[in-house]
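Okay, structure first, notes after.
Positions are given from 1 along the sequence. Whatever order the structure lists ligands and atoms in, that order sets their numbers, starting from 1.
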Amino acid sequence: MSSIFDKSKIIISTNDILSSPIEYLKGVGPQRADLLKKELNIFTFNDLLHHFPFRHIDRTIVNSISEINNTTDEIQVKGTLLQVEIIGERRAKRLVAQLKDDTGFLELTWFQGLNWVQKSLQVGKQYFVYGKVSFFQSRPQIVHPEMELVAADKKSENAFLEPIYATTEKLRSRTLNGRQIGKLTLELLKLMNEKIIPENLPDDLLHQLGLINRYNAISQIHFPGNKEQFDQAVNRLKFEELFFAQLNMQLLKSERHHFSKGVSFEKVGDLFNEFYKNHLPFTLTEAQKRVIKEIRLDTATGKQMNRLLQGDVGSGKTIVALLTMLIAADNGFQSCLMAPTEVLAQQHFRNISKLLNGLKVEVEILTGSSKTKARKEIQEKLNNGTLHILIGTHAIIEKEVQFANLGLAIVDEQHKFGVAQRARLWEKNIIPPHILVMTATPIPRTLAMTVYGDLDYSVIDQLPPGRQSITTVHRHESSRNKVINFLRSEIEKGRQVYIIFPLIEESEKLDYENLMQGYENMKAWFPEPKFLISVVHGQQKSIDKLTNMERFVNGITQIMVSTTVIEVGVDVPNASVMVIESAEKFGLSQLHQLRGRVGRGSEQSYCILLTGTKVSNDARERMGIMVSTNDGFLIAEKDLELRGPGDIEGTRQSGILNFKLASIVQDKSLLDVARNFASNIVEKDSELSDVRHLPIKRFLQQQQRKKIWSKIS
Ligand code: ADP
Ligand code: MG
């Protein structure tokens, strides 16, 4: 089988008009071409075609100046230009013009390019003026408006929706403003036809979805006859973007499924069965069972597994990890489980050792603070194959650590690990081990499928039975006394309490002082010896961190004062109250992560979000969402809506979200449709050899060719 990305199949055609350098377009020439390249990254005809307008002017909508009031945003007016003069000194120097229509006067102001703007404006002539209204000394004005002469011939005025393009001051000074770029595009479109801009989607797909063809879409997004045509064009082009992004990912995944070799876990053996029958402390949820089945099937195929496991905090991912490691051991393979912090690695080690008590499974822990002697012993046991499971921090992936036959690598709380670190796991065995990435930062499904579309995906969408939902409240600083009294009464009932302080990287020192101040305050409110307090933060030695942590885990201390190091994975079922200080400084996902530390036992749990009295609307909205729901996936969706995908951890660099037109938030349903079509096609015809899929194949090859070209030139 050969891949469609096979380079030998790519024919480099030389008479491709779309690749023509932009200077060959009528009206461009070498000087303007240079600017287009430098300022807008437009090198070829194709680039200009894909420089879409950011809006259109509808000539039929003209406001009158008297309509302007303090709620007016952007307007288009038509009026006579009365006078144009440069006023003010030095930095206050500006160009001011007066526009008059039948209803009043409007001031127009420029702060840049004064001289050439002044030269280009014609006093006494009629202009269309467009821009954002602002108020200066309570008079309305438009700063840097878009201006165009009202043409003498009335016809062109309402001929079509006129496109306006993003441009720069430099280009404007070379008479390439937002409208003139449109004129170039119009020239270019005259050279185009359906052969030059061929369809890249299958016919039946176009029919089913009622999409217009590609050539029409590109023409109409620039020059639509009406609003409806514009919408059709945008819809078609958005679909195309989403579809090809999904298709590329699915093709990659399918290629990997076909070609990548993996170790095969052929059977479920004695260790798994013995544990399942006699050591499992609870009944698995249906969701846990389903996920284990998915993993079981995936690890038996002889191909490498690359799976993302999502499950809300407390959904029970650890036991799934353990059962998977037992399957590996049953098949004679070693496993490792990697956690992002030492605290968490220790906790996994403790829990897993306890669960495996009485079974013939060797478990060890390796972290940055492991002593040389311990390291040596571990390495020996790794070499001779007597060690089945190694738990640890990123110390595990250091070069010196060698496995005899690593068959499975599990990464917990995936977002704390870089992609590069994960890749190093692959090199730990001749045949790459199966990879299971577990994350408790719920990524909305849409986003997960878009960003991690090349991974297989499992989700534990169910919490273990008997969990009480956490009561969350938002309190202002002024109620602190009441909050303290509440904490006292809970502690007297035998509960334990977390107090969390924010950690902002830029001001580590300040955070530390904040935390220590908070710790001192707590000590005053909760004096020894009746109350004991643990404190954990990033600048502590690991041994102190562990001791403090252990004292809290074992119920010796009732209060844990900490920064967000506690955020990931820590499991203390008796801790039932969490106070989050300066809660407005946290994002939604992080608040949810933190809150997940409580509500792990059978007691009613509480999360108290403390903020100052004055908080921004944004922060208030976040608090409101936290108070109203415990559903991690819902919160993740909200987070995506509020912050946009660019801020979701791990997605920023992925590039996959940089669509020109589509937005995975606003165009979610279109994304779903695109994904379904893409996976259907890849499922049935991963070679794209079906004649109906020819347009897709040609387009992908052309894209590939462009990539190669851009590397050459
Ligand atoms: P997370 O998915 O956040 O890593 P954990 O694996 O730490 O969750 O599990 C949270 C708690 O729930 C642990 O105390 C664990 O023992 C318990 N747990 C997990 N699965 C079940 C289950 N099916 N029934 C009851 N308790 C469970
Ligand atoms: Mg966990």
Side-chain angles (χ1 to χ4, degrees), residues 275-277 279-293 295 307-326 336-357 365 389 391-393 410-417 436-443 457-470 496 498 549 552-555 564-576 578 589-603 605 607 630-633 635-636:
F275 179 81
Y276 200 90
K277 276 197 209 108
H279 295 256
L280 200 61
F282 39 67
T283 319
L284 294 185
T285 62
E286 288 308 311
Q288 285 170 320
K289 285 185 197 163
R290 188 190 67 237
V291 168
I292 287 166
K293 262 187 215 145
I295 293 172
R307 186 168 285 274
L308 177 70
L309 170 57
Q310 274 206 66
D312 207 346
V313 273
S315 62
K317 293 184 291 294
T318 314
I319 200 77
V320 170
L322 177 57
L323 285 164
T324 311
M325 293 194 287
L326 290 177
C336 65
L337 169 59
M338 201 158 61
T341 64
E342 174 136 13
V343 168
L344 195 53
Q346 291 285 358
Q347 178 185 285
H348 275 320
F349 179 65
R350 219 175 20 242
N351 289 345
I352 286 176
S353 302
K354 216 188 308 169
L355 286 165
L356 291 176
N357 200 359
I365 178 162
I389 296 175
I391 295 172
T393 55
I410 302 181
V411 182
D412 194 11
E413 312 296 352
Q414 163 264 349
H415 65 278
K416 304 275 164 175
F417 275 108
L436 181 66
V437 165
M438 307 198 293
T439 173
T441 310
I443 306 165
Y457 178 77
S458 289
V459 57
I460 305 182
D461 47 7
Q462 185 181 18
L463 292 182
R467 288 282 165 78
Q468 301 241 16
S469 82
I470 302 161
Q496 286 166 284
Y498 291 105
M549 201 55 225
F552 188 67
V553 170
N554 296 327
T564 49
V565 290
I566 224 73
E567 178 188 342
V568 276
V570 172
D571 189 22
V572 183
N574 190 51
S576 63
M578 164 155 297
S589 289
Q590 206 180 12
L591 287 172
H592 180 65
Q593 275 279 312
L594 287 168
R595 181 169 61 181
R597 298 309 111 213
V598 296
R600 303 195 142 226
S602 50
E603 303 304 331
S605 293
C607 175
N630 273 306
D631 181 338
F633 284 91
I635 288 172

Just to be sure I read this right, does ligand 1 sit under 4.0 Å from the backbone of L284, its side chain, both, or neither, counting only heavy atoms? backbone
Side chain or backbone of M438 under 4.0 Å from ligand 1, or both, or neither, by non-hydrogen atoms? neither
Are any of the heavy atoms in I460 under 4.0 Å away from ligand 1? no
Looking at ligand 1, does G311 have a heavy atom less than 4.0 Å from it? no
Minimal non-hydrogen separation, [X] against [Y], with atom names:
{"X": "D312", "Y": "D631", "answer": "OD2-C, 4.2 Å"}
{"X": "L323", "Y": "L284", "answer": "CD1-CD1, 3.9 Å"}
{"X": "F552", "Y": "Q496", "answer": "O-NE2, 2.7 Å"}
{"X": "H348", "Y": "A339", "answer": "CD2-CB, 4.2 Å"}

Which ligand 1 atoms, with their elements, are less than 4.0 angstrom from a heavy-atom of [X]?
{"X": "T283", "result": "22 (C), 23 (N), 24 (N)"}
{"X": "R600", "result": "3 (O), 7 (O), 10 (C)"}
{"X": "T285", "result": "23 (N)"}

Flag side-chain contact, heavy atom, 4.5 Å: N351 against L322: no
Can you tell me if K317 uses its side chain to pair, donor with acceptor, with the backbone of L309 under 3.5 Å? no
Any N or O on P465 sitting closer than 3.5 Å to an N or O of ligand 1? no
Looking only at N/O atoms, are F282 and ligand 1 under 3.5 Å apart anywhere? no
Apply side-chain contact (heavy atoms from CB on, under 4.5 Å) to residues Y498 and L594 and explain how you reach the verdict. CA-CA 10 Å; Y498 291 105; L594 287 168; over 6 Å; no
Selection from T318, I319, L280, L322 by shortest heavy-atom distance to atom 5 (P) of ligand 1: T318
